[in-house]
Each structure stands twice: as structure tokens, then as C-alpha cells.
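Side chains are part of it too, since the values below use all heavy atoms of this structure and drop only hydrogens, waters and symmetry mates. Everything numeric here is computed off the predicted structure, so don't read it as measured data.
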Number of protein chains: 2
Amino acid sequence: MLSKKTKYALHALTYLGKHRDEGAVTIHDISEEHGISHKFLENILLELKKAAMLGSKKGKGGGYYLIKEPSEIPLSKVIRLLDGPIALLPCVSLNYYEPCAECKDEASCGINKVMIQVRDETLKILENKTLEDILKE
Amino acid sequence: MLSKKTKYALHALTYLGKHRDEGAVTIHDISEEHGISHKFLENILLELKKAAMLGSKKGKGGGYYLIKEPSEIPLSKVIRLLDGPIALLPCVSLNYYEPCAECKDEASCGINKVMIQVRDETLKILENKTLEDILKE
DNA sequence: ATAAACCCTATTTTTTTTATAGGGTTTGTA
DNA sequence: TACAAACCCTATAAAAAAAATAGGGTTTAT
């Protein structure tokens with residue numbers, strides 16, 4: 001399951017996508033709309049900004065706004081940023097690889113092989129679904 | 001990512017699959033082979049047994065053994081048993097449904113709709129990959 | 001009889017997630 | 001130019017979940 005961080009990020013991105021033509025949107029607006037703690041949401045929006053999905057404007061009248069087309073924000077990117085690996089095991093993660101302690105030899109491990117296949121097929125799904133798909137529903 | 005519980009379960013099932021023609025296999029053997037805590041593994045094997053994937057034989061010379069064909073043990077079943085939902089959000093889980101607090105109306109939520117699609121496509125993968133695929137690698 | 005092995009429940013420890021705290025900096029507007 | 005609204009940053013605390021441990025009980029082949 002996705003963490004609340006990722007779930008909130010998706011709600012925030014969706015909100016920003018819906019209000020794209022209204023200029024900057026405040027944290028306050030988003031947290032009110034979805035009943036998310038202001039401070040918690042703030043951390044999430046900062047992470048999204050660092051990852052170059054959002055821009056922001058300081059000062060009175062400021063807020064956050066999308067700086068990418070919704071079609072260029074795949075679920076895989078959001079999930080990796082807030083939740084970490086998409087792979088089911090560390091030993092098959094592309095971005096967060098770590099060997100598994102209980103596996104003596106990765107090359108001869110059937111679990112490893114199958115999980116690579118699962119990872120690749122899962123990635124296909126999550127790279128193809130974007131914020132645009134969420135917005136058009 | 002899968003919990004260690006699920007990962008250990010997969011290793012145990014694989015081990016049992018490989019030694020299917022040798023009768024019952026002890027917890028001890030499996031925990032030695034993979035360096036897994038005996039007691040922790042014991043709990044996992046008990047869960048697999050309650051879920052009718054394994055049989056066991058008590059007393060001296062006893063142990064655990066598969067009671068299903070490896071092709072009849074899909075990853076989805078193991079993951080659901082030890083880790084819980086496969087869906088990315090509680091509001092789209094088939095087996096562990098719960099409404100999402102920050103979503104006012106599920107019917108009009110684009111996130112919900114897209115996550116249903118992701119769930120269905122993910123399930124296809126995890127229902128088709130079975131212990132047999134792990135064993136034949 | 002006995003030792004080997006499964007069976008069961010509860011508790012503790014550790015890790016991760018979630019949330020909070022407390023300020024600092026920037027900037028539009030009156 | 002004061003001020004308030006809003007973003008920016010780091011650290012810490014609280015809560016929940018995962019991982020591991022503990023301590024016995026029951027069954028059964030030899």
C-alpha cells in the first residue's frame with residue numbers, strides 16, 4: 001500500500017492540476033480541501049518541488065503550481081519519490097538496490113528472477129498512468 | 001516492498017518445492033539454509049498451513065510439506081496472506097476495503113478510478129506468477 | 001520413555017511512518 | 001515601509017507496524 005505521504009501527494013497534484021489556470025495555490029487551500037495537516041502537507045510539497053514537479057512563489061499571494069504537463073507526471077515518479085522502491089524486493093530494485101541477506105547467490109535465485117519480471121511489468125503500468133489519467137476521470 | 005515475512009515465506013515455499021520428493025522438511029532445515037530465525041519462521045509456516053498451502057506432520061521425523069501443486073500457488077495468494085492488500089489504496093482493495101478519509105466522494109475521485117485500473121493490471125501479474133515459475137528458474 | 005518436531009499465545013524490541021514544533025525568509029500590498 | 005501571508009528548513013516526538021523473542025504445550029516415531 002502507498003504511504004499517506006504518497007497518497008496526499010497525489011491529492012495535492014490533482015488539486016493543482018484542476019486549478020492550473022488560477023495561478024499559485026496555497027498549502028492552506030489544499031489542506032483545507034482534503035483535511036490534511038498543514039505542516040505535513042508542507043513537507044510533501046517541498047519534496048515535490050525539489051523533484052522539479054512543482055514551482056512555488058513566495059510571499060503574499062504566493063503558493064504552488066505545476067511546472068510540468070500532467071501527462072509528464074507518471075505515478076512511478078511520485079511513488080518512487082515519496083515511498084521509495086517499486087520493486088517488491090531490494091535485490092531487484094533499479095533505484096534502491098540492496099542484496100538480500102538470506103539469498104546466497106542471486107544469480108541462481110528463482111525468486112530474484114521472477115521478481116525482476118514482476119518489477120518490469122509493474123513498471124510498465126505505473127509509468128503509463130499519469131496525472132493526466134487522474135484528471136480526466 | 002514485501003515484508004520480511006512474505007520474503008521468508010517465499011524462500012520457505014521454494015525450499016519445500018525443491019525438496020518435494022523427500023517427505024517432510026523441518027523448520028530447522030529451512031532456517032539454517034537461509035539464516036532465518038527459527039521462531040519467526042515457525043510463525044510464518046503456521047500461517048501458510050492455516051491457509052491450506054502446507055501440510056505438516058508432528059513428532060520425530062515430522063516437518064512441513066507442500067499440499068498443492070506449485071502452479072497452484074500464485075504470488076498474489078502469498079502476498080495477501082502475509083502482507084495484506086495488493087491494491088495501492090484502501091479504497092480500491094478487494095479484500096481489505098476501507099474508505100479514504102481525505103476523499104469526499106469516491107465516485108468522483110480520479111485517483112480512485114486510476115487505482116482500480118492499476119490494481120486490476122497488477123493482479124493479472126501476481127496471479128499469473130506462481131511458485132512453479134520460481135522453481136523452474 | 002524420550003527426544004524431536006510441530007503448535008499456540010503473548011510480549012518485547014526495533015523500525016518506519018506520521019505528525020508536530022519552532023522558527024527563518026521572501027514578497028505583495030496598503 | 002510596516003506587516004501579514006506564504007513558502008522554506010531542520011529537528012524532534014508520537015504512533016503504528018514490523019520483526020523478533022519467549023516460554024511453554026502437544027504429538028509421535030523410535
Side-chain angles (χ1 to χ4, degrees), chain A residues 1-9 11-12 16 22-32 34-65 67 79 81-85 88-90 96 98 100-102, chain B residues 1-9 11-12 16 22-32 34-51 53-67 79 81-85 88-90 96 98 100-102:
Chain A
M1 299 268 271
L2 298 179
S3 67
K4 289 197 175 180
K5 243 180 164 174
T6 301
K7 190 162 62 160
Y8 292 165
H11 279 290
L16 290 171
E22 298 166 26
V25 172
T26 67
I27 295 173
H28 184 81
D29 283 358
I30 304 173
S31 75
E32 284 275 290
H34 291 106
I36 302 170
S37 147
H38 180 103
K39 281 292 196 179
F40 195 40
L41 183 58
E42 189 173 1
N43 284 328
I44 295 166
L45 293 176
L46 279 173
E47 284 198 72
L48 290 170
K49 192 197 161 170
K50 280 182 195 157
M53 284 184 233
L54 301 185
S56 66
K57 205 175 145 194
K58 283 187 182 177
K60 197 168 180 178
Y64 289 93
Y65 47 89
I67 56 172
I79 293 174
L81 181 68
L82 284 315
D83 256 23
L88 293 181
L89 294 179
Y96 302 83
E98 270 183 64
C100 286
E102 69 286 351
Chain B
M1 299 269 271
L2 298 179
S3 68
K4 289 198 177 178
K5 241 179 167 176
T6 302
K7 188 161 65 159
Y8 292 166
H11 279 291
L16 291 171
E22 298 166 27
V25 172
T26 68
I27 295 174
H28 183 81
D29 283 356
I30 304 173
S31 74
E32 285 274 290
H34 291 106
I36 303 170
S37 146
H38 180 102
K39 280 293 194 177
F40 194 41
L41 183 57
E42 189 172 1
N43 284 326
I44 294 165
L45 293 175
L46 278 173
E47 284 196 69
L48 290 170
K49 191 197 162 172
K50 279 181 195 159
M53 284 184 233
L54 302 183
S56 67
K57 203 175 145 194
K58 282 187 183 176
K60 196 170 182 175
Y64 288 94
Y65 48 88
L66 288 179
I67 56 173
I79 293 174
L81 181 67
L82 283 315
D83 257 23
L88 294 181
L89 294 179
Y96 301 83
E98 271 183 64
C100 286
E102 69 285 350

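- Between L54(B) and I67(B) there is no side-chain heavy-atom pair separated by less than 4.5 Å.
- Proximity of S3(A) to the phosphate of dT18(C): a side-chain N or O atom is located under 4.0 Å from OP1 or OP2.
- Nearest-nucleotide assignment on DNA chain C puts the 5′-proximal partner with T6(A), out of T6(A) and K39(A).
- Among the nucleotides dA20(D), dC8(D), dC6(C), the one closest to the side chain of K4(B) is dA20(D).
- Phosphate proximity of dC7(C) to K49(B): present, with a side-chain N or O under 4.0 Å from OP1 or OP2.
- When distances run from any side-chain atom of K58(A) to the nucleotides dC9(D), dT27(C), dC6(C), the shortest one goes to dT27(C).
- As rounded to whole Å, 22 Å separates atom P of dT26(D) from atom NZ of K57(B).
- Rounded to an integer number of Å, the gap from L82(A) CG to dA19(C) P is 13 Å.
- Between Y65(A) and dA6(D) there is no side-chain N or O to OP1 or OP2 distance below 4.0 Å.
- Per the geometry, NE2 belonging to H28(A) stands 17 Å off P belonging to dA4(D), to the nearest Å.
- Between L41(B) atom CG and dC7(C) atom C1' the separation is 14 Å, expressed in whole Å.
- Between N43(A) atom CG and dA13(D) atom C1' there is a gap of 14 Å when expressed in whole angstrom units.
- For dC7(C), the OP1/OP2 oxygens have a side-chain nitrogen or oxygen of S56(B) closer than 4.0 Å.
- F40(A) has its CZ atom 14 Å from the P atom of dA21(C), to the nearest Å.
- Between the CG atom of L54(B) and the C1' atom of dC7(C) there is a distance of 14 Å, rounded to whole Å.
- Residue S37(A) has a polar side-chain atom (N or O) positioned under 4.0 Å from OP1 or OP2 of dT20(C).
- The side chain of K60(A) lies closest to dT27(C) when the candidates are dT27(C), dA19(D), dC8(D).
- Counting only heavy atoms from C-beta outward, the side chains of H34(B) and L41(B) never approach each other to under 4.5 Å.
- Y8(B) has a side-chain polar atom (N or O) that falls below the 4.0 Å cut-off from OP1 or OP2 of dA20(D).
- Within the 4.5 Å cutoff, no side-chain heavy atoms of I30(B) are placed close to those of I27(B).
- The base of dC6(C) does not come close enough to the side chain of E42(B) for any donor and acceptor atom to sit less than 3.5 Å apart.
- For K50(B), the listed nucleotide lying nearest its side chain is dC8(C); candidates were dA19(D), dC9(D), dC8(C).
- Across all strands shown, L45(A) has no heavy atoms under 4.0 Å from either base or sugar-phosphate atoms.
- Which of dT21(D), dA5(C), dA6(D) sits closest to the side chain of T26(A) comes down to dA6(D).
- For NE2 of H28(B), the number of neighbouring non-hydrogen atoms (other residues, nucleotides, ligands) closer than 6.0 Å is 12 at most.
- Atom CG of L81(A) is separated from atom P of dT17(C) by 14 Å (rounded to the nearest Å).
- Residue T6(A) holds its OG1 atom at 12.0 Å from CE of M1(A), rounded to the nearest 0.5 Å.
- The nearest pair of heavy atoms linking K49(B) to S56(B) is NZ-OG, 3.0 Å.
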